[in-house]
Structure formats: C-alpha cells, structure tokens
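Presented below is the structure to which this report refers.
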Amino acid sequence: MTDKQAIGVIGAGAWGTALAQMLASDGREVKLWAFEPEVVDAINTAHRNPQYLPSAELSDNIRATGDLAEFAGIETMLAVTPAQVLGKVLAGLGEAPRDLVLCSKGIEAGTGRLMNDVARSAVPGAEMAVLSGPTFAHEVAGGLPTAVTLACEGGRDQWQHLAPAIARPAFRPYFSDDVTGAEIGGSIKNVLAIACGVVEGLALGQNARAALIARGYAEMLRFGDALGARAETLAGLCGLGDLVLTCSSTSSRNFSLGKALGESGGEGRSAADLMADRTTVAEGAHTAPVLAELAKARGIAMPIVDAVTTILDGSPPRDVVAGLLARPLKAEQTA
C-alpha cells in the first residue's frame, strides 16, 4: 500500500493503540507514532504494547515510529495524544493531512481551548473532525461492537470520504457536524467519572451514582448550551453514551482515580501522588480546574465539577459530598 492509502495514528497509548489495531483489521497499513522508543520497538518486533495495552496482540500491518516525518503524504490521521500535549506534538508534523481526526478528550489548561482550536493553531491546513463516544480501549482492540460519534467540521462532504476510511464491521461511526458538542461531551464526562468514582470509593451506593450521572448530565447540557453545542449531540453517543460507560467501571481511568480518592477519605494519598504512579493519563484531573474556571466566568452553575476540583485540590471527599447534599432545594430543571 502507498502512504496515501495508509492511515496515521499519532499517539500509542491504550486508546491510540486500540484504534490502530481496529483500523488495521481490514488489511490497511497503519502508521503509529509513539513517544517512547521502547514502545516503538515492542510494537515492531513483538507486535505488542505491554506498557499501555498488554492484552492485545497487534496486527502485522501496524508500523510504529518515533519520527513524525514518516507521516508525510498520509491523508487521514487520528490524533490520540494526551490532551495537554496535543498542540506540541501536532506542531511537529511536516505537512497537514487532508483530514485530522481528534480523539483526545479534554480542555487545554491555561488557555481553556477545546482540542479543535488547539489543533487548528498547530495544523491550520487540515480539515478537523472529532471522534468520541463510549469506548474502552481493550474492547475496541478486541473487535467488540462499538459505536461512536464522528463530528465533521466539513459536514457531509467530509463525512462521505472519512467515514468509510474509519468504519469497520464492529466499529460504527455516526455522523454529526456539531464538533463543539462532541468535544464538550468527551471532556466533561471525564470530570464526572471522577465524581462517580469518589461515590464508589466512599461506598455511597448505586442511588447516589445514578443521581450524580443525571445531575452531571444537566451540567454538561448547561455548559454545552453556553458554548453553542446542540442538546441532541450531548444526548447521543459522545455525551450521554460516553458518560454512562465512563461513570460505571474501573476500566475508566478517571473513575478509578476517583475511587482511589474516595477510598482514601482525604487522609491517604493525594491526587497528584495517585496520578504519578500511573502510566496512563486521567484527563479529567487536568480538565476539572479549567472547566470550573470557564463555567464560573460564564455564570454557569456546575456544582459537581466544582466539587471534583475541590477534591483534587485536597479537600476531604466526605466533606465535599456533604456540602453538595446541603445545597438549597431547587426545581430539577434549574438546579
């Protein structure tokens, strides 16, 4: 195959590796960029990524590299780096692809920019799309059925050539042109997953978690509305769908971080200590404080996001939960 027929995946963490494996399942050549030389070597020699996705045996069609210059000529690239380094990594591309699909979920700390704004600054010549939805990496790599939102800034014209390049029998993208909505859903659900993990860690029960998901979804809708996202986008795979999955399992990095914080009760290890021991990134921990600042500046009530930020700053989780429960009683549609 030529490079123009190949697909590039930038980022060889668990999610990037899983996407590469899924894309290679039809025999397509996939180039996978990794930051760590040992990851490049393991993928190319053993067809494994033991550091980030040890359960998957990878296709021979995946070729790892640490040199972004090798991506020259590839028309479709998926960017799957941690959100906070996306701009820096993309700035290393020698030329822009036709389509740049953003798979990183988060808001840039310090600037408050969504990933499509970050990417547009780094690679102004590419047409952006956002891929987001309920996706555990190990399931996608294993070929289990998955559905996602593929939001294309180029609308139907971009969708018509991009969707067939990404879709596989067990990986089904659904069209949207609401790039902002797809980004907001993926970013906020990570913060809410930390909150649900705290509830699990404190053993507060299933009723509390269900209530938290519902009230967190209301916060997502309020923030999305303020930024021009459509409510129907957030009611779909990239919003409510991803929220339900991420808030329900320790397979979620954000949920597991929150659970560890809840179990510590504020008297154990800090969020910084817990994250330092992990090879993977819990994006919600980086998103929460900037999201809280953006909401405050716009007068958007997001008490759960504020609570997560407070816990990440070191406040005892039980005290923070007690504060949420003590808020004044209000009508559900405005609370």
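Values below: every heavy atom of this structure, side chains too, minus hydrogens, waters and symmetry copies. None of these values were measured; they are calculated from a predicted model.
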Listed partners of R298 passing salt bridge (Lys or Arg N to Asp or Glu O under 4.0 Å), at least two apart: none

Check: M128 main-chain N/O paired with E153 side-chain donor or acceptor under 3.5 Å: yes

side-chain hydrogen bond (donor to acceptor under 3.5 Å, both in side chains) partners for R172, two or more places apart: Y174

Which residues share a salt bridge (Lys or Arg N to Asp or Glu O under 4.0 Å) with R209, sequence neighbours left out: E200

Any side-chain donor near an acceptor of the partner, N116 and E183, under 3.5 Å: yes

Atom CG of D67 with >12 non-hydrogen neighbours under 6.0 angstrom: yes

Donor-acceptor pair, side chain of S104 and main chain of T81, under 3.5 angstrom: yes

Cluster link V80 to V40, ILVMFWY, side chain under 4.5 Å: no

Listed partners of H138 passing side-chain hydrogen bond (donor to acceptor under 3.5 Å, both in side chains), at least two apart: none

Flag, side chain of Q21 to backbone of S59, donor-acceptor distance under 3.5 Å: yes

Partners passing salt bridge (Lys or Arg N to Asp or Glu O under 4.0 Å) against E219 (at least two apart in sequence or in another chain): none

CG-OG1 distance between L53 and T17, expressed to the nearest 0.5 angstrom: 6.0 Å

Note: E283-K105 ion pair, threshold 4.0 Å (strictly below): no

Test item: M302 and I188 side chains (from C-beta on) under 4.5 Å apart, heavy atoms: yes

Full working for side-chain contact (heavy atoms from CB on, under 4.5 Å) between D26 and R168: CA-CA 8 Å; D26 70 343; R168 297 292 182 272; 3.4 Å; yes

Non-hydrogen side-chain atoms of L150 and S176 separated by less than 4.5 Å: no

For F35, ring pair (Phe, Tyr, Trp, His ring centres under 6.0 Å) partners two or more places apart: none

Cluster overlap V101 with I62, hydrophobic side-chain contacts below 4.5 Å: yes

Main-chain N/O of G262 paired with S264 side-chain donor or acceptor, under 3.5 Å: no

Shared hydrophobic cluster for L192 and I194 (ILVMFWY, side-chain gaps under 4.5 Å): yes

In one Ile/Leu/Val/Met/Phe/Trp/Tyr side-chain cluster, 4.5 Å: M220, F255: no

Donor-acceptor contact present, side-chain T309 to main-chain A288, <3.5 Å: yes

Euclidean distance, R113 CZ relative to L294 CG, rounded to 0.5 Å: 12.5 Å

Side chain proximity check, R215 to I304, heavy atoms < 4.5 angstrom: yes

CG on L32 to CD on E70, rounded to 0.5 Å: 11.5 Å

Flag for E108-T111: side-chain donor and acceptor within less than 3.5 Å: yes

Sub-4.5 Å side-chain heavy-atom contact between L93 and M77: yes

Side-chain touch F71/I10, heavy atoms, less than 4.5 angstrom: yes

Check: A151 main-chain N/O paired with T149 side-chain donor or acceptor under 3.5 Å: no

Which residues share a side chain to side chain contact (heavy atoms under 4.5 Å, CB included) with L240, sequence neighbours left out: Y217, L243, V244

Nearest-0.5 Å distance that lies between atom CG in L78 and atom CD1 in I166: 5.0 Å

D177 and R156 ion-paired at < 4.0 Å: no

Set of residues satisfying side chain to side chain contact (heavy atoms under 4.5 Å, CB included) with respect to V320, sequence neighbours excluded: A307, T310, I311, S315

Contacts of type side chain to side chain contact (heavy atoms under 4.5 Å, CB included), residue R63, not counting sequence neighbours: N44

Sub-4.5 Å side-chain heavy-atom contact between L324 and P303: yes

Side chain proximity check, K259 to V198, heavy atoms < 4.5 angstrom: no

Flag, side chain of W33 to backbone of G66, donor-acceptor distance under 3.5 Å: yes

Salt-bridge contact R120-E127 (side-chain N to carboxylate O under 4.0 Å): no

Inter-residue atom distance E75.CD - L100.CG, 0.5 Å rounding: 13.5 Å

Side-chain heavy-atom pair D99, H161 within 4.5 angstrom cut-off: yes

Under the salt bridge (Lys or Arg N to Asp or Glu O under 4.0 Å) test, residues paired with E232 that sit two or more places apart: R230

Separation of D242 CG from L237 CG (nearest 0.5 Å): 9.0 Å

T287 side chain to N190 side chain, donor-acceptor N/O pair below 3.5 angstrom: no

Nonpolar side-chain network containing L245, other nodes, edges under 4.5 Å: F136

P50: side chain to side chain contact (heavy atoms under 4.5 Å, CB included) partners, not counting sequence neighbours: A42, R48

Co-membership, hydrophobic cluster, residues L19 and L144, 4.5 Å side-chain: no

